[in-house]
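Per chain, numbering begins at 1; letters A, B, ... match sequence-line order. Quantities reported herein were computed from a predicted structural model and do not represent experimental measurements.
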Amino acid sequence: MRKSSNVSTETRNIHLGYYAVLREQRGLSEERLATAAATPRALYEELRARHGFRLGVPQLRVVVNDEFGSWDTPLQEGDHVVFIPPVAGG
Amino acid sequence: MRKSSNVSTETRNIHLGYYAVLREQRGLSEERLATAAATPRALYEELRARHGFRLGVPQLRVVVNDEFGSWDTPLQEGDHVVFIPPVAGG
Amino acid sequence: MFRISGSPINPEALKTQLAAAGAGACVTFEGWVRDHNEGKRVRRLEYEAFVSMAEKEGACIVAGAREKFGLDHALCIHRVGTLEIGQIAVWVGASAPHRDEAFAACRYIIDEVKHRVPIWKKEHYIDGDSGWVHCEHCAQPGRHHAAETTPGESTAAPRIKAAP
Amino acid sequence: MFRISGSPINPEALKTQLAAAGAGACVTFEGWVRDHNEGKRVRRLEYEAFVSMAEKEGACIVAGAREKFGLDHALCIHRVGTLEIGQIAVWVGASAPHRDEAFAACRYIIDEVKHRVPIWKKEHYIDGDSGWVHCEHCAQPGRHHAAETTPGESTAAPRIKAAP
C-alpha cells in the first residue's frame with residue numbers, strides 16, 4: 001500500500017470523458033491527462049480551476065472504469081474517469 | 001300522482017333486457033312483460049321467483065330507460081328495464 | 001372517448017389520436033386475455049356489453065378523467081365477443097404534459113371501467129367448465145373493490161357446466 | 001432489457017416483445033418531446049448519453065423491476081440525438097399477470113431512469129436560447145427528486161446563449 005505522502009507527488013495518466021455541460025465547457029469529449037491528483041475529488045478540483053466548470057463536487061457523481069466510484073478512492077495509472085453532471089433522461 | 005294502493009293493482013307493459021348470467025338463466029336476451037309490479041324491486045323479485053335467478057337485489061343495479069335508477073321509483077308503462085349483474089370489464 | 005368494439009383493437013391507430021404538441025407523457029394500459037385465473041387454466045374469454053349504457057358510462061369516465069387530471073387526450077376501447085389468449089380485451093391511453101397525470105389518469109380510467117361499466121366476461125376453462133367473473137362488491141354503486149376477483153369472491157359466481 | 005437508440009423508437013415492435021400467455025396487463029410509458037417547459041417555448045431537444053454506463057444502469061433498473069414486481073417482461077429504450085416536438089424520447093413497457101404490478105413497474109422504471117441513468121437533455125428554445133435540463137438533487141446518489149425540474153431548480157442550469 002502506497003503512503004499518501006508519496007501518492008500526492010506521483011503523476012498518473014488518466015483518460016477523461018466529458019458529457020453534456022462539462023463537455024461543452026471543456027470544449028471536447030475526451031482527453032488524456034498526466035495529473036498529480038491522487039483522487040477523483042482532487043482531479044475534479046484541478047480541472048474546475050483550469051476550465052471554470054460551474055458544477056461543484058456535490059452536484060456530480062464520478063465513474064471510474066465504468067463503475068460509480070467514490071470521490072476519495074486513490075486513482076490508478078490508466079484509469080478512465082467521467083464526472084457525471086445531474087442527469088435528466090426521459 | 002297515483003296512489004300506491006292503485007299502483008299495485010295496475011298492469012304495465014315493461015320491456016326487459018337481460019345480460020350475462022341473467023340472460024343465461026332466463027334463456028333469452030329480451031322480452032316484453034305485462035306485470036303488476038310497481039317498482040324495479042318488485043319486478044325483480046317477481047322474475048326471480050319465476051326463473052330462479054340466483055343474484056339478489058343487493059348484488060344488482062337497475063337501469064331504467066338507459067339511466068341508472070333507484071329500486072323503488074314507480075315503473076311507468078313502456079319502461080325499458082335492465083338488471084345489471086356485477087360487472088367485470090377489462 | 002369510449003367505445004365498445006366487436007373487432008380487434010388496433011393500439012397504434014388509437015395512440016396517434018393522443019398526440020398533442022403540449023403532451024410530454026403518454027401512458028397506455030392493455031388488458032390481455034391471460035391463460036389462467038384463480039388457479040384455473042383458461043382457454044378463452046367471452047365479453048358481453050350493454051352497449052348503450054357501457055358507452056354512456058365509459059364516455060363519462062373518460063371525460064371525467066380528462067377534466068380531473070388536465071389531460072391532453074384520453075381514449076378507451078373495450079372488446080366484446082370471443083377472445084383468445086393474448087388478445088387485447090381493453091385499451092386505455094392518456095396523454096398529458098407530465099407523467100404524474102398520465103399515469104394517474106390511465107389507472108383511474110381502467111379502474112372505473114372495471115367497476116362501473118356494464119361489461120361482463122365469461123371464462124371458459126381448459127377442463128370444459130365456464131363461469132361468469134364477478135365480485136359482489138362491484139354491484140354496489142360508488143363502492144370500490146379489489147382490482148381482481150379473489151377466490152373468496154369468485155365462489156359467488158355461478159358456474160355453468162359445459163355440455164359433455 | 002434497456003437500450004440506447006440513435007434511431008426512432010418503434011413502439012409496436014417493442015410491445016410484441018412483452019407478450020406472454022400468463023400476462024393480463026401491459027402498461028407502457030412514452031416520453032414525448034413537448035413544445036414547452038417551465039414557461040419557455042421549446043423548438044427541439046438534444047439527448048446525449050454515456051452509453052456504456054447508461055446501458056449498464058438501465059439494465060440494472062429493468063432487471064430489478066422484473067424481480068421486484070414479478071413481471072413477465074419489461075423493456076426500456078431511450079433515444080439520443082436531436083428530437084423534434086412530438087417524437088418519442090423514451091419508451092417503457094411492462095407486462096405482468098395483474099395491472100397493479102404492471103403500472104407500478106412502468107412508473108418505477110421511468111422514475112429510476114430519469115434519476116439515475118447518465119443521459120442528459122438540452123432544450124433549444126424558440127427564442128434562440130438553450131439550456132441543459134437538470135436539477136441538483138439528481139446528482140445525489142440514492143436521492144429521489146421531483147418528477148420534473150421546477151423553476152427554482154432550473155435556475156441552476158447553465159444557459160448557453162446561441163450564436164446570433
Worksheet item: Are side-chain heavy atoms of W132(D) and P85(A) found at a separation under 4.5 Å?
Response: no
Discussion item. I want to check something: taking the side chain as every heavy atom from C-beta on, are F50(D) and D66(A) in contact at a cut-off of under 4.5 Å?
Written reply: yes
Worksheet item: If you look at every heavy atom in W120(D) and A20(A), which pair is closest and at what distance?
Response: CG-CB, 3.4 Å
Worksheet item: Got a sec: does the CZ of R50(A) have more than 12 other heavy atoms crowding it under 6.0 Å?
Response: yes
Worksheet entry | E12(D), CD atom: more than 12 neighbouring heavy atoms under 6.0 Å | yes
Discussion item. Whether the side chain of R61(A) engages the backbone of P118(D) through a donor-acceptor N/O pair (distance < 3.5 Å, no angle test) should be reported.
Written reply: no
Item to complete: Would you check if the side chain of Y47(D) reaches a backbone N or O of G90(A) as a donor-acceptor pair within less than 3.5 Å?
Response: yes
Worksheet entry | residues 72-84 of chain D: residues contacting chain A (heavy atom under 4.5 Å, by number) | H78(D)
Fill in: residues 51-63 of chain D: residues contacting chain A (heavy atom under 4.5 Å, by number)
S52(D), M53(D), K56(D), E57(D)
